[in-house]
Each structure stands twice: as C-alpha cells, then as structure tokens.
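Step one of this worksheet: look at the structure below.
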Protein chains: 2
Amino acid sequence: MTKKLGSIRDVAKETGLSIATISRVMNGATNVSPETREKVLLASKKLNYLPNPAARTLTTKKTKIIAAIIPTIEHSVYAKFIAGMEQTLAKRGYSLVFAISNSDEEQEKDAAEKLLGMGAEAFVLSGGRHDPELIELLTRRGVQFVFTSIWAPDGDVPTIGYDNFALARGAIHHLHRMGHQDIAVVHGPEVLSDRTTWRKRGAKSAESAEIRLAFFEEELSVGGGKLAAYSMLKHKTKFTAALCLSDVMALGVYTAHSENNLVVPDDLSVMGFDNLDWSVHISPPLTTIDLPARKMGESAVTSLMDYLEDGTPIERKFFDAKIIERASVKKL
Amino acid sequence: MTKKLGSIRDVAKETGLSIATISRVMNGATNVSPETREKVLLASKKLNYLPNPAARTLTTKKTKIIAAIIPTIEHSVYAKFIAGMEQTLAKRGYSLVFAISNSDEEQEKDAAEKLLGMGAEAFVLSGGRHDPELIELLTRRGVQFVFTSIWAPDGDVPTIGYDNFALARGAIHHLHRMGHQDIAVVHGPEVLSDRTTWRKRGAKSAESAEIRLAFFEEELSVGGGKLAAYSMLKHKTKFTAALCLSDVMALGVYTAHSENNLVVPDDLSVMGFDNLDWSVHISPPLTTIDLPARKMGESAVTSLMDYLEDGTPIERKFFDAKIIERASVKKL
DNA sequence: AACTATCATGTAACCGGTTACATAAGCGAT
DNA sequence: ATCGCTTATGTAACCGGTTACATGATAGTT
C-alpha cells in the first residue's frame with residue numbers, strides 16, 4: 001500500500017531546477033522568484049512530494065519533538081496537563097510524544113531511552129524523584145529537562161509547578177480557621193509520588209496544640225478513600241474534618257459516609273485537592289484546591305521551546321493554586 | 001548545553017573497526033564476534049554514542065511512530081483509549097504521537113499534516129466523519145489508518161470499535177424491560193461526533209407504541225446534563241427514565257434532581273453511557289454501559305503494527321459493550 | 001562604458017546511519 | 001593439497017534533505 005513518494009530530486013528534474021531551489025521553496029526562503037516558486041509548488045503537488053522529515057532532521061538536527069513522561073493519564077489533572085502541553089506545542093509546530101511510567105522509575109527510564117531514540121529534544125518529567133541513571137543519561141546527552149507539579153526553590157533542575165507543601169499547610173490552616181481542630185488527612189502511597197510526600201509534610205507542619213492531625217494512607221482511588229473513611233470512623237478520635245490529598249479520595253469519603261447515613265458536612269467536613277471537573281457537581285459540592293495543571297503544561301513546554309530556539313535559560317516557575325470554597329466544609 | 005554526541009564513525013575510529021561492524025552491533029546482528037561486540041559496546045559508552053534516529057530512519061524508512069488524533073483528552077474514555085495505545089506500542093518499541101482536534105475537522109487535518117511531517121507511519125482516527133481532504137492526503141501518501149469508537153460493517157476504512165447504534169437501542173430496550181415507557185434521551189451536540197448520531201439513531205429505532213422518546217440536546221458536560229434535566233422537568237410528559245448518552249451528562253441529571261429534592265431512581269431512573277470511574281461511586285451508583293476503550297486502543301495499534309511489519313491486512317473489529325446494572329434504574 | 005551591488009539559481013559537500021557485495025580467514029571434506 | 005563453505009569484517013553507495021559558496025544575470029552608479 002505504501003506508495004513511492006517523490007523526492008526532492010524528482011521535483012528538481014520535473015521543474016528543471018536544482019534541488020537547492022526546491023529546498024528553498026519548501027522552506028519559504030525569500031530569495032526565490034515568484035514564478036519559480038509557483039512552478040515548484042505545482043510540481044510538488046503533482047509528484048505528491050513532501051519533504052522527508054528524517055532527511056531534514058539529519059542536517060538541521062532539529063526534530064521539534066518534546067517528550068513528556070507522566071505517571072498516569074487516567075486522572076484528569078494529568079489529562080489537562082497533557083492537553084495544555086500538546087496545544088501549546090502545536091501552535092509552534094512542535095509535537096508531543098509521551099509515555100506513561102505508572103509511577104515506576106524503571107519504566108520511566110526505559111521510556112526516556114525510547115523517546116530519546118525517537119529524537120526527543122527536551123523532556124518534561126513529573127515530580128522530582130527519578131532514577132539517577134535517567135538524570136545522568138539526559139545530562140550526558142545534553143538534553144534539557146524540567147520537573148513539573150512540584151516546586152523547589154533550588155536544585156539543579158528547574159521546577160515548574162506549585163508548592164505542594166505550602167498548599168497542604170494552607171489547607172489545614174483553612175480548616176482550622178473554619179473551626180476544625182481534629183483533622184484526618186487522607187492520602188495515597190508516598191512511594192508513588194513525591195507530591196504526596198510534600199503535601200503530607202506541609203500538613204504536618206501545621207500541627208500544633210490546637211491542630212491535631214491523623215494520617216490515613218490507602219490506594220489513590222475512590223475505593224481507597226472509602227477505606228480510609230472507614231478507618232477514620234473506627235478511630236478513637238472524633239474528627240470534624242478530613243483533608244483528602246486528592247479529590248478522588250474525597251469522593252470515596254463521601255461514599256463511605258452516605259453508606260453509613262452520615263452527612264457531609266454535618267458529620268464531617270471534607271476538603272479535597274485537584275478541583276476535578278465533577279467536584280463542583282457532587283453533593284455537597286466539594287471544597288478543594290484548584291491546581292493550574294493546564295497552565296503548568298503550557299508553561300513547561302513554552303520554556304523548553306524558547307530554550308531550544310534561542311537558548312533562553314529556563315527559569316523555575318511557581319504557580320499559585322487557590323482554595324475553592326464550596327459547601328463540603330462547615331464552619332464550626 | 002547540547003553536547004556533541006559521538007557518531008558511528010567516531011566509534012569506528014576508536015575501536016579500529018569499520019562503521020558497518022558498529023552498525024551491526026548496534027542492531028544486534030548475530031554475525032559479530034563476542035569480543036568485537038564487547039569492544040564496540042564499551043567504546044559506545046565511552047563516547048556517549050547512541051545511533052542517530054534520523055539517520056537510521058533515512059535509510060530504513062521506518063520511524064516506528066504511530067499517530068492518533070482524538071477529539072479531547074479531558075474525558076476519561078479517551079484517556080483510557082490513549083493509555084491502551086501507548087502501552088501496547090511501547091511493548092513493541094513504537095511510540096505514540098497524538099494531537100487533539102477539539103472535534104474540528106480543520107484542526108484534525110492540520111494536525112495530521114504535522115504528524116505526517118514528523119514521520120508518523122500510520123494513523124488512528126476517532127469516529128468516521130473527517131475532512132475528505134484528510135482522507136485523500138493519507139490515501140495519496142499510502143499511509144494506513146483506521147477509524148475507532150465506531151463500527152461499520154462496510155466501507156473502505158477498517159473500523160475498530162463498538163456499535164453505537166446497537167448499544168443505544170439495547171439501552172432503550174433495557175429500560176423498557178424495566179417497565180419504562182416514557183424515556184428522555186439526553187445527549188451532546190451531534191456536530192461534534194458521529195458517535196452521538198449513531199447513538200441517537202439507535203435509540204430512535206427502538207421507538208414504538210410502547211416506547212415513547214423525547215430528545216434533549218445540551219453541551220456535553222455535567223452542566224449540560226443539568227440543563228437537560230431542567231428542560232425535562234418542564235416537559236409536558238412525565239418521564240420515568242432518562243438515558244444519557246454519556247455518564248458526564250448523567251451526573252448533571254443527578255445534580256438537577258438533588259437540587260429539586262427529587263430522588264434517583266424513585267422520581268427518575270437514570271442510565272448512562274461510558275462507565276466512567278466514578279460512576280459506581282456516586283449515589284445511587286449509575287447503571288451504564290461499559291465501553292472497552294482501553295482494549296479498543298490496544299487492538300487498533302496492534303493491527304497497525306502488524307500491518308506495518310508484515311503487511312497483515314487490517315480487519316474490522318467489533319467490541320461488545322455490556323450494560324452494567326446498578327441502582328440508578330428502578331424496576332416499575 | 002566600466003564597475004559594483006543585488007538577486008536568483010546552481011554545485012557539491014555533508015549529515016549519520018544501513019546494507020549489498022566483496023574479501024579474507026578458518027576449517028572440514030575429499 | 002585443494003576446494004568449498006561458513007563466518008567475521010570491510011568498502012562504498014545510498015537514503016533525501018540543507019547550506020556555504022560559486023556563478024551569472026540584471027540593474028544602478030558614476
């Protein structure tokens with residue numbers, strides 16, 4: 001089925017011009033006479049000619065491919081992140097290739113090798129914890145990369161993200177301002193992501209005589225949130241609020257409560273993290289933290305493209321994330 | 001920052017071998033002595049050598065890149081679909097590049113041109129409605145492609161998907177078996193996708209003296225579902241069930257009802273379409289249709305890889321999708 | 001009329017691999 | 001000892017572009 005495509009030399013023969021001129025036309029060089037341009041374009045159509053990207057890359061050394069490795073795509077925060085990257089890249093003629101690491105450093109490294117072998121010119125990585133071999137590989141090859149979804153004021157690699165520590169700390173303070181003192185913190189496994197680690201630490205940093213926390217770890221899913229809620233209900237402390245470090249788990253807490261005829265927020269205030277699409281539509285609407293995932297994606301790839309084109313150094317970037325107050329948190 | 005990378009000739013010089021031998025080692029050819037192989041591998045490490053993908057592609061004419069164009073990624077059905085494709089491709093050393101079309105034929109065509117210019121060897125398209133120029137472009141260049149998420153028994157292009165018509169028809173029949181006769185069908189805009197068209201037609205085909213339908217079109221979102229529910233409530237007919245052609249809209253119907261102190265399924269039975277993750281966790285759990293998006297993705301790219309490697313012709317594939325009965329539909 | 005700047009186009013080297021074909025060495029069979 | 005086969009390696013052409021440099025034509029300047 002694959003048909004033979006015309007090459008630049010075919011077009012040159014057809015038009016009686018040299019390949020250099022054809023190349024000029026295809027690249028929109030200005031010093032080509034209008035008639036010549038016309039003739040070349042016509043012949044190109046006729047011969048079904050499109051410049052071969054591999055040949056072009058071979059000399060220019062530019063692939064215009066940027067790679068992203070993400071832990072999972074089945075979480076709308078990442079979906080937004082990817083959408084932001086893809087659309088920003090597309091506007092400037094770049095393409096996104098990506099791979100899913102399943103939060104596994106080994107898989108991430110393998111994926112990076114494959115993407116590098118495809119010609120990726122720069123990488124967007126998630127979080128700040130990676131196989132040292134991966135970092136070394138990218139550094140050795142001189143491939144620029146950034147860490148996203150996290151914020152670190154220093155370190156060799158630029159981070160483009162939000163401050164998980166401060167956000168979680170802020171969330172606890174928010175609950176405290178609403179009158180809560182015994183707060184359950186529901187979260188997923190730390191091994192999967194250093195974002196979780198930072199969020200936990202941030203929450204922990206807010207502990208005081210007036211603010212007492214207990215941590216419940218379960219799988220990062222609705223089911224996991226449900227399990228955590230059951231543990232919470234059995235706990236000796238009567239919690240008045242739960243901070244879920246992901247909306248998905250908050251939904252599980254809702255479910256567990258409705259299964260037990262308990263009412264959010266009367267029996268328990270619930271706060272989430274992520275502001276997923278549906279969080280405003282469940283009942284009661286979930287108080288949560290809106291993460292600027294799309295913007296973060298846009299920003300990460302814009303920095304990388306600027307770097308690739310002009311060598312603009314990549315700056316660390318910090319995005320603010322706002323608490324969205326809704327009905328799931330009750331003022332005591 | 002980009003460092004000069006070693007080329008195959010550098011490695012040849014370093015080892016005193018010819019470039020042909022280096023190439024053989026890099027490609028795992030068998031007829032190389034173990035000592036030579038060792039020496040080459042060592043020198044490669046030392047010189048920081050990795051074969052240049054563009055140069056390789058230039059001669060082999062294989063990029064191992066498969067492209068997918070999807071309407072949106074911010075819908076977990078597509079996220080699953082993409083995840084299925086990516087992971088299946090990765091296992092065989094292929095990569096996925098993709099673009100988002102926003103359900104716009106123009107954008108889809110532009111994206112395809114870009115992806116083609118990147119070296120995509122085959123395409124996965126969503127649905128069966130596309131710019132004729134796009135189809136012509138792919139055909140002219142001899143690039144294989146498939147349509148997904150739909151099912152058509154004939155036509156030139158293989159479809160890999162499920163039968164939206166039959167599924168919607170089956171859903172209506174299911175509701176009828178549960179005793180419902182006045183059914184509202186809630187759906188998104190048809191212009192965005194021919195899946196919607198097929199689903200609407202399938203529902204329509206089930207109409208009879210005993211089964212009376214009314215269609216409510218709104219934006220494909222939770223908010224849209226809510227609006228549709230409000231229209232439904234104002235409608236002269238008292239509907240006992242709503243079939244939402246997407247779970248997302250079903251959630252909107254739930255919200256509208258709880259805002260009006262109406263109870264699902266007592267006041268209205270609700271059925272969805274897609275079986276999104278959270279559909280089992282909302283209350284009441286949503287009866288819906290489970291779409292095999294991940295499998296579909298796996299299957300589509302497997303067919304394409306087989307075609308690219310052995311010329312295996314691509315067969316149309318049909319996936320069954322099951323109704324998942326949960327508490328949101330009440331037997332009358 | 002001679003000189004020069006400008007513009008359109010051509011020439012040819014080069015990018016970094018793969019691979020068909022050639023060659024040489026080693027070994028067993030006759 | 002000779003022949004033929006196998007195996008490891010080398011030679012060189014080729015893939016399809018880009019681009020520095022060369023060339024020739026045209027127009028403007030004095």
Side-chain angles (χ1 to χ4, degrees), chain A residues 2-41 43-44 47-65 93 116-119 121 141-142 309, chain B residues 2-41 43-44 47-65 93 116-119 121 141-142 309:
Chain A
T2 301
K3 290 169 191 158
K4 185 150 184 322
L5 305 177
S7 82
I8 196 170
R9 291 171 224 263
D10 295 331
V11 180
K13 204 160 292 168
E14 172 80 14
T15 55
L17 294 158
S18 72
I19 58 169
T21 302
I22 312 301
S23 175
R24 288 186 190 107
V25 172
M26 298 316 290
N27 291 295
T30 50
N31 49 346
V32 179
S33 80
E35 312 85 63
T36 302
R37 176 181 305 279
E38 218 33 59
K39 203 169 16 162
V40 170
L41 258 21
S44 298
L47 297 180
N48 190 20
Y49 171 69
L50 268 187
N52 178 319
R56 178 175 277 172
T57 296
L58 188 54
T59 50
T60 60
K61 296 178 175 355
K62 296 210 174 305
T63 58
K64 297 199 137 198
I65 295 179
L116 221 38
M118 272 191 56
E121 296 186 82
R141 304 216 76 197
E309 286 170 13
Chain B
T2 301
K3 290 169 191 161
K4 187 152 182 321
L5 305 176
S7 81
I8 196 169
R9 292 170 225 262
D10 296 330
V11 181
K13 204 160 291 170
E14 172 81 16
T15 55
L17 293 160
S18 72
I19 59 169
T21 302
I22 313 302
S23 174
R24 288 187 188 104
V25 172
M26 298 315 290
N27 291 293
T30 51
N31 49 346
V32 179
S33 79
E35 312 85 64
T36 302
R37 175 181 307 279
E38 220 31 61
K39 204 172 9 162
V40 170
L41 259 21
S44 298
L47 297 180
N48 189 22
Y49 172 68
L50 268 189
N52 178 319
R56 179 175 276 172
T57 296
L58 189 55
T59 50
T60 61
K61 296 175 178 350
K62 296 211 172 305
T63 58
K64 296 200 140 201
I65 295 178
L116 221 38
M118 272 192 57
E121 295 185 82
R141 304 216 76 197
E309 287 170 13

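Every chain is numbered from 1, with letters handed out A, B, ... down the list of sequences.
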- prompt: What heavy-atom pair brings Met26(B) and Pro51(B) nearest, and what distance separates the two atoms?
  reply: CE-CD, 3.6 Å
message: Quick check: closest heavy atoms across Thr57(B) and Ala54(A), and the distance to 0.1 Å?
response: CG2-CB, 3.6 Å
Once you round it to whole Å, what is the distance between [atom2] of [N] and [atom1] of [X]?
X        : N       : atom1 : atom2 : result
Asn52(B) : dC15(C) : CG    : P     : 12 Å
Glu14(A) : dG16(D) : CD    : P     : 17 Å
Asn31(A) : dG10(C) : CG    : P     : 12 Å
Arg37(A) : dC7(C)  : CZ    : P     : 15 Å
Ile19(B) : dT9(D)  : CD1   : C1'   : 12 Å
Arg24(B) : dA12(D) : CZ    : C1'   : 13 Å
Lys13(B) : dT11(D) : NZ    : P     : 13 Å
Met26(A) : dG17(D) : CE    : C1'   : 11 Å

Under 4.0 angstrom between [X] side-chain N/O and [N] OP1 or OP2:
X        : N       : result
Ser18(A) : dG10(C) : yes
Thr57(B) : dG17(C) : no
Ser33(A) : dT9(C)  : yes
Asn27(A) : dT18(D) : yes
Thr21(B) : dG10(D) : yes
Ser7(B)  : dG16(C) : no
Lys61(A) : dT18(D) : no
Thr36(A) : dA8(C)  : no

statement: Output for pair (Asn48(A) CG, Leu50(A) CG), nearest 0.5 Å, gives 7.0 Å
- prompt: In Å and rounded to the nearest 0.5 Å, what is the CG to OG1 distance from Leu41(A) to Thr36(A)?
  reply: 11.5 Å
task: Would you kindly check whether a donor in the side chain of Arg56(B) faces an acceptor in the base of dG16(C), or vice versa, at under 3.5 angstrom?
output: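 There is none.
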- prompt: With respect to the side chain of Ala20(A), which nucleotide from dT19(D), dG16(D), dT19(C) is positioned closest?
  reply: dT19(D)
Per Pro51(A) side chain, nearest of listed nucleotides dA12(D), dT9(D), dG17(D): dG17(D)
message: Mind checking if Ser23(A) touches a base, just sugar-phosphate, or nothing, with heavy atoms under 4.0 Å?
response: base
task: Could you tell me whether Ile22(A) contacts a base, only the sugar-phosphate backbone, or nothing, with contacts defined as non-hydrogen atoms closer than 4.0 Å?
output: nothing
field: Ser23(B) vs Ile8(B) side-chain heavy atoms within contact, under 4.5 Å
entry: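 Of all side-chain heavy-atom pairs linking Ile8(B) with Ser23(B), at least one is under 4.5 Å.
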task: Would you mind telling me which residue lines up with the more 5' stretch of DNA chain C, Val32(A) or Thr60(B), judged by nearest nucleotide?
output: Val32(A)
- prompt: Between the main-chain N or O of Thr63(B) and the side-chain N or O of Glu121(B), is there a donor-acceptor pair closer than 3.5 Å?
  reply: yes
